[in-house]
Structure formats: structure tokens, C-alpha cells
Number of protein chains: 4
Amino acid sequence: MRMGEGHMSEDKKMSDIERTARNWLQERGVTLQDIADLVYYLQVKYHPDLKMDDCLENVDRVLAKREVQNAILTGIQLDRLAEKGLIEEPLLSTIQVDEGLYGVDEILAFSIVNVYGSIGFTNYGYIDKKKPGILEKLNDKSSGMCHTFLDDLVGAIAAAASSRLAHRAANTE
Amino acid sequence: MRMGEGHMSEDKKMSDIERTARNWLQERGVTLQDIADLVYYLQVKYHPDLKMDDCLENVDRVLAKREVQNAILTGIQLDRLAEKGLIEEPLLSTIQVDEGLYGVDEILAFSIVNVYGSIGFTNYGYIDKKKPGILEKLNDKSSGMCHTFLDDLVGAIAAAASSRLAHRAANTE
Amino acid sequence: MRMGEGHMSEDKKMSDIERTARNWLQERGVTLQDIADLVYYLQVKYHPDLKMDDCLENVDRVLAKREVQNAILTGIQLDRLAEKGLIEEPLLSTIQVDEGLYGVDEILAFSIVNVYGSIGFTNYGYIDKKKPGILEKLNDKSSGMCHTFLDDLVGAIAAAASSRLAHRAANTE
Amino acid sequence: MRMGEGHMSEDKKMSDIERTARNWLQERGVTLQDIADLVYYLQVKYHPDLKMDDCLENVDRVLAKREVQNAILTGIQLDRLAEKGLIEEPLLSTIQVDEGLYGVDEILAFSIVNVYGSIGFTNYGYIDKKKPGILEKLNDKSSGMCHTFLDDLVGAIAAAASSRLAHRAANTE
């Protein structure tokens with residue numbers, strides 16, 4: 001049971017926004033476990049006794065934040081509209097080819113990383129370059145799907161969860 | 001003629017992205033003059049001899065930045081898709097009513113303000129609360145149009161142009 | 001026992017960093033009540049039944065965040081070193097006169113505002129321009145003290161507490 | 001005569017702030033070549049014909065920005081004061097041991113990266129984790145020097161120069 005910030009009492013039903021954000025991640029092929037694997041990848045060197053359950057718990061708590069849910073909904077919506085061709089040119093091509101100078105995908109991602117402070121930025125940058133696990137799959141352009149926003153969102157959720165885990169481990173908040 | 005950064009030689013045709021960003025602003029009812037008026041409003045107290053031409057020039061230079069163009073295209077596209085009902089719920093309602101906790105409109109705006117450094121943030125926050133000139137018009141919900149992103153983008157362009165003007169006036173870059 | 005993020009149970013002794021950050025604010029003439037007054041100033045128009053106790057509680061919770069404490073310590077330390085002349089030129093003069101293009105004070109402030117998301121930025125910008133209450137006092141250069149960082153930190157804590165309060169009021173986290 | 005943003009013609013004397021920022025980097029053991037090497041490391045895979053001269057030129061232009069100079073002066077000043085023990089506890093220890101949860105060093109670094117937009121963040125995060133070249137040297141704690149801020153500043157300058165180079169290569173600004 002959650003107590004304190006981000007807390008949701010048992011009798012309050014999850015908000016429509018939170019439920020939709022979690023569903024959309026799943027529909028786009030990203031599970032909580034996929035993101036927890038990224039957290040483990042990032043953090044095990046600093047915490048050799050790290051348990052996967054702690055990774056999962058921290059991902060879950062990041063997803064309980066409204067700012068994070070709003071970024072997820074907006075980014076996945078743009079990916080989907082690009083797949084359907086409902087975005088106008090030249091923005092459509094920019095998103096479809098994940099153009100390196102676009103930057104709006106990174107901007108949405110930072111709004112997620114920021115929620116647990118600046119220490120998450122290096123983790124975000126690192127996995128965005130290395131593309132372990134689910135990030136490699138999302139970057140496979142042969143799937144016919146557009147994940148221009150999703151891959152950055154997923155990396156950012158993992159980075160934010162890593163920051164939260166590091167703060168907890170140090171008992172600082 | 002422009003020389004140096006953001007420069008575009010006379011014979012280089014404006015990129016498709018830049019031309020579209022400028023057109024979309026116009027189509028949504030925002031002229032360069034409207035934004036220059038905001039710059040004048042923000043800066044005349046610090047520079048009593050401020051000329052409107054300098055305000056216009058600085059707005060023009062902000063619009064020559066690729067990051068700014070990408071934010072404009074993405075934000076206006078989302079406003080338009082919301083008007084057409086092509087965004088899914090609950091994101092559609094969030095954008096249509098300009099929900100105070102959404103925050104993605106501000107995030108896009110900051111990516112514009114950031115281009116000329118942190119000194120622009122207070123100007124952005126200030127006009128966003130005061131809503132002078134074109135910002136009041138964009139916030140008039142009775143128009144039937146959705147300007148959830150546009151009003152923040154316009155305030156941000158004005159704030160960035162003010163920062164640029166302040167740096168120039170101080171001869172610092 | 002720890003109950004939720006940022007919370008501190010009665011029997012856990014406050015960390016050295018947290019205690020010092022709170023003490024330094026006090027030593028520089030800023031009380032929790034001063035900051036709560038700013039929150040009230042920013043939020044009463046949206047929440048007519050707003051209680052001062054809620055403002056105080058939200059300020060207290062912002063101060064429990066490690067990122068916030070680190071920004072406070074660093075900013076106040078720089079103010080103090082500038083008063084003592086222990087900063088080297090030309091940085092010393094830049095800080096002593098609160099030079100408008102410096103920007104590092106705003107950067108530290110944003111790291112505080114960010115903790116509760118992008119919706120706090122406009123509140124920060126607004127009070128930074130209007131300078132109500134304690135902010136006016138901190139900007140009085142006749143005191144002989146240097147508050148280049150402190151005034152931005154205080155505005156940022158108030159803005160972050162306002163964001164937290166708004167999220168709570170909407171029951172979103 | 002000034003030609004374009006950030007540029008400085010030969011007959012204009014460099015501002016005191018810029019000259020000091022460049023000198024302090026040198027005094028702390030970081031040359032323009034060291035930073036250009038990082039740019040080359042980050043960019044050669046995308047631009048196989050990359051010339052070292054282009055890397056140097058882009059680093060030089062990043063250093064011509066006032067926001068960058070202010071961040072450099074503030075960060076190196078804090079490193080130096082920490083070496084001399086002129087920072088008060090518990091901030092002194094936090095900086096001396098480069099405590100992982102501090103985050104203010106990253107915050108200053110982001111203000112540099114931001115100057116050329118969001119695309120620089122992943123480069124920053126990447127080299128911060130990999131620590132090639134000069135970054136490895138700066139992280140060697142056995143030197144007795146404190147480079148808590150400097151290593152992040154140097155990585156950020158390299159990331160910003162990489163963004164500038166990428167924008168130029170694409171002819172976007």
C-alpha cells in the first residue's frame with residue numbers, strides 16, 4: 001500500500017489518465033518488466049544486491065506521477081498519429097524517420113527524468129546510446145511501427161526510476 | 001544580411017521546416033508584429049530607447065532556430081488535431097480544456113526559451129500570467145479554436161527574443 | 001518509519017544536509033512563514049478556501065527533498081562567499097551586483113521548481129517579476145547583504161510548493 | 001565589428017568574463033584540444049570525414065557564449081574553494097567526495113548543453129558514463145585536486161559543441 005506522495009488510497013480508483021498511460025505502454029509492446037530490466041542494467045553495478053522487485057517497485061512509482069503519464073500519453077499519441085499519416089508534412093517525415101535534429105522526443109523525455117532530479121540525466125543519455133533490451137527492439141525500424149517518442153520515454157522512465165532507487169538507497173528522501 | 005549562427009545566405013532557400021513553422025503561426029492568427037509587441041512590452045522598461053524594429057529583428061532570429069521551429073510545428077499540430085477530434089481520450093479533453101496540470105505545453109515552451117539561456121524564464125512566466133496583447137486573444141475560449149500549445153509557444157518566442165535582445169544590448173554575444 | 005516520499009517520521013533524525021539547509025534559510029532571514037505567504041499569494045485566487053496551514057505543509061515538504069536542500073546550500077554558500085569577498089573577479093562583481101545576464105541563480109532555482117514539474121515555472125517567473133513579501137526585502141540592496149541566489153531560491157521553493165498544492169488539490173498524486 | 005552570434009572580430013577585445021573562463025579552464029589542466037578530442041570521439045561515427053579543425057572551431061564557438069562562461073566560472077570557483085576548504089560543512093564534504101546525489105554539478109552542465117538544444121543531452125550522458133580522454137584524468141581522485149564541477153562542465157562543452165556541429169552539418173542553422 002502506498003503512503004505519502006504519489007499515494008493512492010485503496011478505495012480511490014486509479015485515474016483515467018494513469019490507467020490509459022499504463023495501457024498504452026502495454027499496447028505498444030512495453031511491459032513494466034522491460035523497464036525494470038533497464039533499471040537493473042543501470043543500477044546493479046552500484047548496488048550488487050539489487051533485487052528485481054525493487055526495480056519494478058520504482059518503475060511503478062514513477063508511472064504513478066501525473067507529469068510522467070502526460071508525457072507518455074502525448075508521445076505515444078504522436079507516434080500513433082504518425083503511423084496513421086495524420087500528421088502534416090514536413091513534421092510527418094521528421095517523426096517517421098526519427099530525424100536526429102528533431103529534439104522534441106528528448107524534451108518530453110527530460111520532463112520525465114526531471115521528476116527525480118538531475119542525477120538521472122546521465123543514465124538517460126547512457127542507455128539512449130547503448131540501447132539495451134527493449135530499447136533495441138523499439139529502434140528496429142523494420143517493424144513498420146513508429147517509436148520515435150516511445151523509445152525516449154521508456155529510457156526516461158528507467159532513468160527516473162534509477163534516480164528514485166538511488167535516493168532511497170541513500171535514505172535521502 | 002545575416003552572418004554567422006542562424007544565418008541564411010540570400011541564395012539559400014529557407015528550409016521547408018522553417019517556412020512551414022512561419023506559415024502555421026500566421027494561419028493560427030499570430031503575426032511577427034504580435035510577438036514583437038510582446039517583446040516591446042517586456043523590454044521597454046529596461047531599454048527606454050527600444051525600437052520596434054529591434055524587437056521584430058530579434059523575433060525573426062528566434063524563428064530561424066531549428067529547435068524553435070520543431071516546437072512550433074509539434075505544438076500547433078497538436079492544437080489542430082485536438083480541434084478535429086483526432087486525439088484519443090483522455091488526452092483529447094486534457095488538451096481541449098487546457099488542463100492546468102497538463103504541463104506538456106509548458107515543456108515545449110521551455111525548449112524555446114532555453115535557446116537563449118535561463119534569463120528568459122522569468123519573462124516567460126510573467127507574460128504567461130499577465131497575458132498581454134495577442135496572448136489574451138489566444139486565451140479567449142469563445143473562439144472555438146484550441147490554442148493550448150500556441151499561447152505558450154508565442155510567450156516563449158517573445159521571452160527568447162527578449163533574452164537575445166538583452167544579450168545584444170549588453171554586447172555579450 | 002518512513003511513510004512515503006520526502007516524509008520523515010518523528011523518530012528519524014533529520015539528515016545533516018536537511019537541517020543545515022533549513023538553518024541557513026533562517027540565518028539569512030527567511031522563515032517558513034515567509035515562503036508560505038508567497039504560496040498563499042500565488043494560489044488563493046485558484047483555491048479561495050486555501051488555508052495557511054496547507055501552504056506551510058507544502059513548503060515543508062518541498063524542503064524535505066534532497067535536490068532542494070543541495071540547491072539551497074550551494075546558493076546561500078555563494079551569496080556568503082561573495083559578501084566575504086572570497087570569490088575571484090570577475091565572478092565576484094557579477095554576483096555582488098546580481099548582474100542580469102548571469103543566469104546561474106535562475107538555473108539553481110529551476111532545479112527546485114522542476115521537482116514538481118513544469119507547471120511551477122510560470123509561478124516562479126511571475127513572483128520573480130512582482131517580488132511580493134519577503135522577495136522585496138531580499139532585493140533591497142541597501143542591506144549590505146548579497147542575496148543574488150537566495151531571492152531566486154525562495155521564489156522557486158514557493159513555486160514548487162504551489163505546484164505540489166495544485167497537484168494535491170486535483171488529487172492527482 | 002561583430003559578425004553573427006557569439007562571434008568576435010579580431011579587433012574587439014574579448015570580454016573579461018570570456019578571457020577568465022578560458023584561462024581558468026587552462027589553469028585547471030583542460031585545453032581546447034582536450035575538449036575537441038571528446039567532440040571527435042562523439043561525432044566521428046556520424047561524420048567519417050570529420051576534421052579535428054571543425055571540432056576545435058565548434059568548441060571555440062561554444063566558449064564564446066556568455067551562459068557557458070558563467071557556468072564555467074561558477075563551477076571552477078566552487079571546485080577551487082572546496083580545495084581550499086573555504087566551503088562550509090556539510091556542503092564541503094559533498095563537493096569534495098563528488099557525492100552521487102549532489103546534482104548541482106549536473107545542473108550547471110545542463111545549462112551549457114541546453115544552449116544548442118536537447119539533442120546534446122544524450123551525448124553528455126554518454127561521455128559522462130564512459131569518461132574518455134580528459135574526463136578520465138579529471139576523475140582521478142589521486143591528484144588531490146577537486147574536479148567535481150569541472151568534469152561535468154567539460155563533458156557539457158563537448159556535448160554542446162557536438163550539437164552545434166550536427167546542426168551545421170545538416171545546414172539547419
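Protein chains get the first letters and strands the later ones, always in sequence-line order, with residue 1 at the start of each.
Applying the side chain to side chain donor-acceptor pair (under 3.5 Å) test to N114(B) and every residue at least two apart in sequence or in another chain returns nothing. For R80(C), the side chain to side chain donor-acceptor pair (under 3.5 Å) criterion is met by E27(C), not counting sequence neighbours.
The interface of residues 102-110 of chain B with chain C, defined by heavy-atom distances below 4.5 Å, comprises G103(B), E106(B), I107(B), F110(B).
Across all non-hydrogen atoms, the minimal contact from I119(B) to G100(C) is CG2-O, 3.3 Å.
Screening residues 117-144 of chain C for salt bridge (charged side-chain N to carboxylate O under 4.0 Å, His left out) gives D98(C)-K141(C), D128(C)-K131(C), K131(C)-D151(C) as the qualifying pairs, with residues at least two apart or on separate chains.
Between chain C and the residues I127(B), D152(B), N123(B), the most heavy-atom pairs under 4.5 angstrom are made by N123(B).
Proximity of the aromatic rings of F121(C) and F121(B) is defined here by a centroid distance below 6.0 angstrom, and this criterion is met.
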